Each structure stands twice: as structure tokens, then as C-alpha cells.
Amino acid sequence: MPIPDQIIWKTIADRYNQLWNLPNCVGSIDGKHIRIKAPANSGSSFFNYKGYFSVVLMATADADGKFITIDVGEYGRNSDGRVFKECTFGQLLLKNKLNLPKNSCLPHEENDPAFPYYFVADEAFPLLDNVMRPYPRRSLTNTKIIFNYRGRKSVECAFGMMASKFKILEGPINFKTERIETVIKAVCVLHNFIHVYDGKYSIPQEIQQEDVDILLYEDIEGNL
């Protein structure tokens, strides 16, 4: 994976705007628990809230579901928010060392103040100048529902596509911790390679009112 420079970040942002109508968005952040066999003498360090042993893959994905950055190896017991603050990507973002482009005006809002380039994430992550969280569920409108849906979709799709292609992720990985990290990194790189050379890019689509109703129903059902 190339280290993103300002040209790469702007290319990602243009694609997000084209595909998801999210201007200035440079990626979607999320963590995924990769199931593993409990390492010897590790106690409960790798035991997560879902009830199994895991290491955390903290990743950012572009609009097409390719990984931009990955950090692997944090204990499964740690929350996404804690992993974000301790991983290399999170540290660089918090210290403003990711070489993101300078703030720019949003489309059709040239008279408004310049807006920062940002990542989208779920509720587990902090709200920062360069990190946008979902709108609270208690005050959702159609526009907010669409933003929440578009914001988290690309990285979740990336995780889903990766898990469906590589069967080693279907059960606990039974290697030493260092080898597990190498396997996960290799899987992420291969996912990108296959997606570029064997996959099909999405075509931008508008979300219709019936789609909004479905998203709202799913959100309500998921939180009953």
C-alpha cells in the first residue's frame, strides 16, 4: 500500500464525492475483530466483548472498498476508540501528520469558510476536525440517515468482501501472534490487488425515498 500523499488524498476525495456525494471525505475508519486461537499465557488480553479471542484490524477504506491504511495487532479486549488513539494511523492523524490537503470550500458553497478534509467513522470514535461521527439516532432526518449510511458503508463493505474471499478468516487463526499479523496484512494487500485487477467499480447512484425508508427501518430494528 502506498503512503498517501496529497494527490492520493484528493483522488480519494473526488471519488467519494462522485460515488457517495461526500465532498472532502478521504476515507472511512473502522475496526474489525479477527478471530484467533488464544495465545499461550495471554490471559484475557485478546478476549473481546463479543465472547471470543481476537486481534483488531484498524483500517481505513476508500469509496470503492479498497484499504488505504491498516494497523494490525491490538488486543481484542480494547475498544475501537482506544485502538484508534494508540495505533500508528490514529497517532499521525491526532498530530496532523497525515499530509492531508489544506481545507477547501465544499461544492456550490464557495462563499462559505473552507472545510477540512475528513474521515467518517462510527460512534466509537472521537469527533475531531478530521473525523466525522454519525448523527445521533434520536434526531434523524432523511438527510442525516443518508449521511450515516454512506459514511460507514465503504469500510464495512471492504471487511465483508475480504472475509468472503479468504476462508482463513472464517475460523480462529491458529498461529503465533507475529505470524497472525503477517497473514492479516497479506490478506488486506491481496484484497486490494484483486479488487483493482479482478473487480468492478461501483457506479454512482442516487438514493430514492424508498431507500431512505428502508434505512430508517433497519436502523430502528437494529436498536430495538
Side-chain angles (χ1 to χ4, degrees), residues 1-32 56-72 74 80-136 139 141 143-159 185 188-189 191-192 195-196 201-207:
M1 296 180 187
I3 298 175
D5 55 21
Q6 291 198 4
I7 295 176
I8 293 176
W9 288 127
K10 287 184 177 179
T11 301
I12 294 170
D14 290 343
R15 182 62 175 166
Y16 256 107
N17 191 33
Q18 176 194 23
L19 190 60
W20 297 111
N21 194 25
L22 289 177
N24 285 27
C25 180
V26 289
S28 178
I29 312 171
D30 202 2
K32 178 177 177 59
V56 179
L57 164 62
M58 181 62 59
T60 61
D62 65 13
D64 291 289
K66 300 196 309 299
F67 294 117
I68 309 167
T69 69
I70 55 172
D71 285 276
V72 186
E74 285 289 339
D80 283 352
R82 180 174 178 179
V83 174
F84 168 75
K85 291 178 181 178
E86 294 183 355
C87 72
T88 302
F89 168 80
Q91 289 288 322
L92 291 174
L93 180 59
L94 292 171
K95 295 176 182 177
N96 296 318
K97 293 183 178 180
L98 277 182
N99 200 27
L100 295 176
K102 293 182 179 180
N103 298 358
S104 64
C105 295
L106 299 177
H108 312 298
E109 296 184 3
E110 287 75 12
N111 296 325
D112 291 343
F115 198 82
Y117 284 81
Y118 61 92
F119 296 88
V120 285
D122 63 22
E123 296 90 341
F125 294 84
L127 178 64
L128 305 170
D129 287 344
N130 300 110
V131 177
M132 296 282 285
R133 286 161 46 102
Y135 287 101
S139 60
T141 63
T143 301
K144 293 178 180 180
I145 292 170
I146 292 171
F147 172 82
N148 288 357
Y149 169 76
R150 290 174 174 174
R152 65 177 184 261
K153 183 176 178 60
S154 62
V155 69
E156 290 180 354
C157 286
F159 287 147
K185 290 176 182 178
C188 292
V189 173
H191 162 81
N192 281 4
H195 199 55
V196 170
Y201 283 118
S202 302
I203 300 173
Q205 296 179 357
E206 293 185 3
I207 293 184

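Scope of the values below: all heavy atoms of this structure, side chains included, with no hydrogens, waters or symmetry mates. Along the sequence shown, the residues carry numbers beginning at 1. Because the structure is a prediction, the values reported are computed rather than measured.
- If you check the side chains of Tyr16 and Ser28, you find no donor sitting under 3.5 Å from an acceptor.
- At distances below 3.5 Å, not a single donor-acceptor pair connects side-chain atoms of Glu74 with backbone N or O atoms of Cys87.
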Walk me through it: do Asn130 and Leu100 pass the test side-chain contact (heavy atoms from CB on, under 4.5 Å)?
CA-CA 9 Å; Asn130 300 110; Leu100 295 176; 3.8 Å; yes

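- Side-chain contact between Trp20 and Lys153: present, with at least one pair of heavy atoms (C-beta onward) separated by less than 4.5 Å.
- Note: Phe84 and Phe125 have perpendicular aromatic rings, judged against thresholds of 30 and 60 degrees for the angle between ring planes.
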Evaluate Ile29 against Met58 for side-chain contact (heavy atoms from CB on, under 4.5 Å), listing each step before the verdict.
CA-CA 7 Å; Ile29 312 171; Met58 181 62 59; 3.9 Å; yes

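- For Tyr135 and Thr141, the side-chain atoms include no donor-acceptor pair closer than 3.5 Å.
- Using a 4.5 Å heavy-atom threshold, the side chains of Lys66 and Val196 count as touching.
- Under a 3.5 Å cut-off, the side chain of Asn24 and the backbone N or O of Phe115 do form a donor-acceptor pair.
- Using a distance-only test at 3.5 Å, with no hydrogens or angles considered, no donor-acceptor pair links the side chain of Asp62 to the main chain of Gly27.
- Of the charged side-chain nitrogens involved, none lies within less than 4.0 Å of a carboxylate oxygen, so that Arg133 and Asp122 do not count as a salt-bridged pair.
- A donor-acceptor pair under 3.5 Å is formed between the side chain of Asp5 and the backbone N or O of Ile7.
- A distance-only check finds a donor-acceptor pair linking the side chain of Thr60 to the backbone of Thr69 [under 3.5 Å].
- Between the side chain of Asn17 and the backbone N or O of Asn21 there is no donor-acceptor pair closer than 3.5 Å.
- You'll find the side chain of Met132 reaches within 4.5 Å of the side chain of Phe147, heavy atoms only.
- A heavy-atom distance below 4.5 Å is found between the side chains of Leu57 and Cys188.
- Checked against the 6.0 Å centroid threshold, Trp9 and Phe119 count as a close aromatic pair.
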Stepwise side-chain contact (heavy atoms from CB on, under 4.5 Å) test for Ile70 and Met1:
CA-CA 9 Å; Ile70 55 172; Met1 296 180 187; 4.1 Å; yes

Yes or no on side-chain contact (heavy atoms from CB on, under 4.5 Å) for Asp30 and Phe159, after CA distance, side-chain angles and deciding distance?
CA-CA 9 Å; Asp30 202 2; Phe159 287 147; 3.9 Å; yes

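- Aromatic ring pairs are classed by plane angle as parallel below 30°, tilted from 30° to 60° and perpendicular above 60°; the pair His195 and His191 is parallel.
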